Each structure stands twice: as C-alpha cells, then as structure tokens.
Protein chains: 2
Amino acid sequence: MRSLSDRIEKYLKVLIERSENEEVEIQRIELAETFQCAPSQITYVLSTRFTASEGFITESKRGGRGFIKIRKFPINENPGKTGISEAQAENILQDLRDKGFLTEREAYLLREILGREVLDPAGGESDYIRFKIINKVMKSIKETEGERNVL
Amino acid sequence: MRSLSDRIEKYLKVLIERSENEEVEIQRIELAETFQCAPSQITYVLSTRFTASEGFITESKRGGRGFIKIRKFPINENPGKTGISEAQAENILQDLRDKGFLTEREAYLLREILGREVLDPAGGESDYIRFKIINKVMKSIKETEGERNVL
DNA sequence: CTCCTTTGACTTTCTTTGACCTTTAGTTAA
DNA sequence: TTAACTAAAGGTCAAAGAAAGTCAAAGGAG
C-alpha cells in the first residue's frame, strides 16, 4: 500500500496537470482534513516532493484566508508570460543551495541580482525577467552538472 | 477565497487605475460601510498594501469633512545614462574571471543571465539593468572576499 | 537498524475587531 | 468676536482569531 504522502503527492500532481496554468492553490487545513491527517503532513509532502529542484515553486500566506500555491516550473522556456516574485526566487535559491546545486556564494550572488533594487527599472516586466533568469540558472545547472567540485 | 483586505485593496486599485491623475479620495467610514467592516480595517489595508515602497503616498484629514487621499507615484528611478551593453558585460566578466574574482561556473552563469535573451523584456531599460547587475556583482565580490575557495 | 512518515505541541504571520484618542469644522453663548 | 462646546471624522493599539511553519519525537517499512 502506498503511503499517505504518496497519495497526497499524486493528488496534487493530478490537480496541477488538470489545471490551465500548471498551478494549484490549496488550504493546508482543508487538504489535511480531506486526507484525515495532521496539517504538518501537508508541509512534509511539499518539502519532500515539490521542491524547486524538482521544478516546483511554492508560495504561501499564513493567517486568515491563508493558502499554499504550488506551481510547476516550466524549465524548457515556455513563454507563457510567467513571473516570479522576489520571495519565490529566494525560496528557489535556498532549495538549490540546500540540494547542493549552487554554492553558497553563487546563491548569494544570484540573490543580490534578483532583488527588487536591481530589477525594479524593468517595471512590470521585472517578475518576468526574474523568471527568465531563474530559468537560465536551472538550465545552466543541468548543463554544468558534475562540474560543481571542479571549480 | 481571498480575504477582505485583499478585496478592499483590489477595489481601491481599480479606482486609482480608472482615475485621471492616479489618485483617489475616500472617506474611511463610508468605505468601511461598503465592505461591512471596522473602519480600522481600512487603515490596516492602507498600511500594509499602499506603502511608500510600493509607490503610494497617503494623506488624510480628521474631523468634519475628513478624508483619505491615496496617490500612486511612478517610482521612476532615473537611468542617468548608466548602461552596459551585452558585449561590454562579457568583457567585464572575462576580466573578473581572469583575475580570479569569479569561478568559471559563476562567470558562465552570469554570462547567461546578462545575455540579450533574458533581459530583452526590459526594453530600453535592459542596458541599465545590466549595469545594475554588474554593480551588484562587483559589490558582492567585495563582500564575499576570501570565501572563494571555501566553498 | 536506518530511513522515511506521521503526529502534535509550539511559533510566527496575517487579519479583523473594538475601545479609546486626537483632530477638525461647525455651532453656540458670553 | 471669540471662547467653549459638540459632532464628525480619522488614528492607534492591543487582543482575539485564523492559518501556515517548525521541529523533535514516535511509529513503520524494508
């Protein structure tokens, strides 16, 4: 029998697949109730199966009317005009760092670049540019795989 | 479903958008009645979603004929001619690489980011953004000095 | 045994409300 | 005329409520 985590993962992935824009928004408590489990179980599933290095971006808000949004990251340049906020970018970088795909210094460099200050002049396009930068980074990581310790 | 605060925010932003001069004047009590909430809720929305760093300035008067005025400013950072072309950027990166300030992989990453493809959506501002990115990189290098070989 | 799951107590963040304070315009009385 | 009162705003702040996050400990499968 597949584990609860597996079932929740499957459930969410189906939701994403069926969505228009490769994203889904849930409420942690609600989903926990659906699966009759502790809310933190949902957090666990997200942190083990919906990581940035797997191509997912999550975003959430606490408090009243809080939510968790999961988005599948189109690594292969899909100009669907997708955008990434500064906070989301930070999460992605942290994950890539944690997983060892980026060194601390690389993550630091990118964090500076992706900040509001630098990208602001792009105005409404800044989220989009942030998306494109992250996209490039992901691709680059794939292409330079194995070189991590060489440099 | 989105929260009350979110709805009030949206409502006000629509009003501003539709206005001639990017500003709107309301009465706190009136708006609170419209949304069936405590007047201080309006204050809360203003202080969390119409901040200066988001480009808004609010102004108000108490007492009889009191009001709250919200103005949106185009946070127009003046690109004072500071711009860096793609080719120039490449030279700079090469130089930083040669001098050992960047690893090969870091330089590669940055080269990808600074390319035309990524920054194009910024339109006329892309040279300026490239300039700011390079600036950040320079600063970051200074701040992480000595860490180069630690990672 | 070891690693992955599951749970629950505690923490942090965001929202909503209400009681009380301050400011202003208008009105009234000396 | 002007000082004092009154009513009508908006401001503040703290408490209560509503979610999500964290983390360590217990439970299970291989």
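We name chains A, B, ... by the order of the sequence lines, and we start the count at 1 in each one. It should be emphasised that the depicted structure is a prediction, and the values quoted were computed from it without experimental measurement.
Nearest nucleotide to the side chain of B:K61, out of C:dT6, C:dT24, D:dG10: C:dT24. Minimum atom distance to the side chain of B:S3 is reached by C:dT16, of the listed C:dT16, D:dA9, C:dT5. Comparing D:dG11, C:dT5, D:dG21 against the side chain of B:R62 picks out D:dG11 as the nearest.
Computed from coordinates, the A:Y44 OH to D:dG27 P distance equals 17 Å when rounded to whole Å. One can place NZ of B:K69 at 18 Å from P of D:dA9, the figure rounded to the nearest angstrom. The nearest whole Å value for the distance from the CD atom in A:Q94 to the C1' atom in D:dG21 is 15 Å. Rounded to an integer number of Å, the gap from A:I68 CD1 to C:dT13 C1' is 14 Å. The CD1 atom of A:I8 sits 18 Å away from the P atom of C:dC4 (whole-angstrom rounding). Atom CD of A:Q27 and atom C1' of D:dG21 are 15 Å apart (whole Å). Between the CD atom of A:E33 and the P atom of C:dT6 there is a distance of 18 Å, rounded to whole Å. Rounded to whole Å, the distance from CG on A:L4 to P on C:dT7 is 6 Å.
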Full working for side-chain hydrogen bond (donor to acceptor under 3.5 Å, both in side chains) between B:R71 and B:T58
CA-CA 6 Å; B:R71 270 207 299 267; B:T58 68; over 6 Å; no

List the steps and the verdict of side-chain hydrogen bond (donor to acceptor under 3.5 Å, both in side chains) for A:E59 and A:S85.
CA-CA 10 Å; A:E59 182 185 2; A:S85 74; 5.1 Å; no

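For OH of A:Y11, the number of neighbouring non-hydrogen atoms (other residues, nucleotides, ligands) closer than 6.0 Å is 12 at most.
Applying the ring-ring contact (aromatic ring centres under 6.0 Å, His included) criterion to B:F131, with sequence neighbours excluded, gives no partner residue.
Linking ILVMFWY residues whenever their side-chain heavy atoms come closer than 4.5 Å, directly or via other members, leaves A:I92 and A:V24 in distinct clusters.
At the phosphate of D:dA9, neither OP1 nor OP2 sits under 4.0 Å from any side-chain N or O atom of B:S60. When the side-chain nitrogen and oxygen atoms of B:R7 are compared with OP1 and OP2 of C:dT16, none of them lie within a distance under 4.0 Å. Here A:R65 does not reach the OP1 or OP2 of D:dA20: none of its side-chain N or O atoms lies under 4.0 Å away.
Backbone-only contact: B:F67 has heavy atoms under 4.0 Å from sugar-phosphate atoms and none from a base. Residue-level contact check: A:G64 touches the bases, meaning some heavy atom is under 4.0 Å from a base atom. Counting non-hydrogen atoms under 4.0 angstrom, B:R28 reaches a base of the nucleic acid.
Listed in residue order, the members of residues 36-43 of chain A having a heavy atom less than 4.0 Å from DNA chain D are A:S40, A:T43.
Judged by the 6.0 Å and 45° rule, B:K72 forms a cation-pi pair with B:F56.
B:R130 approaches B:D127 most closely through the heavy-atom pair NH1-OD1, 2.9 Å.
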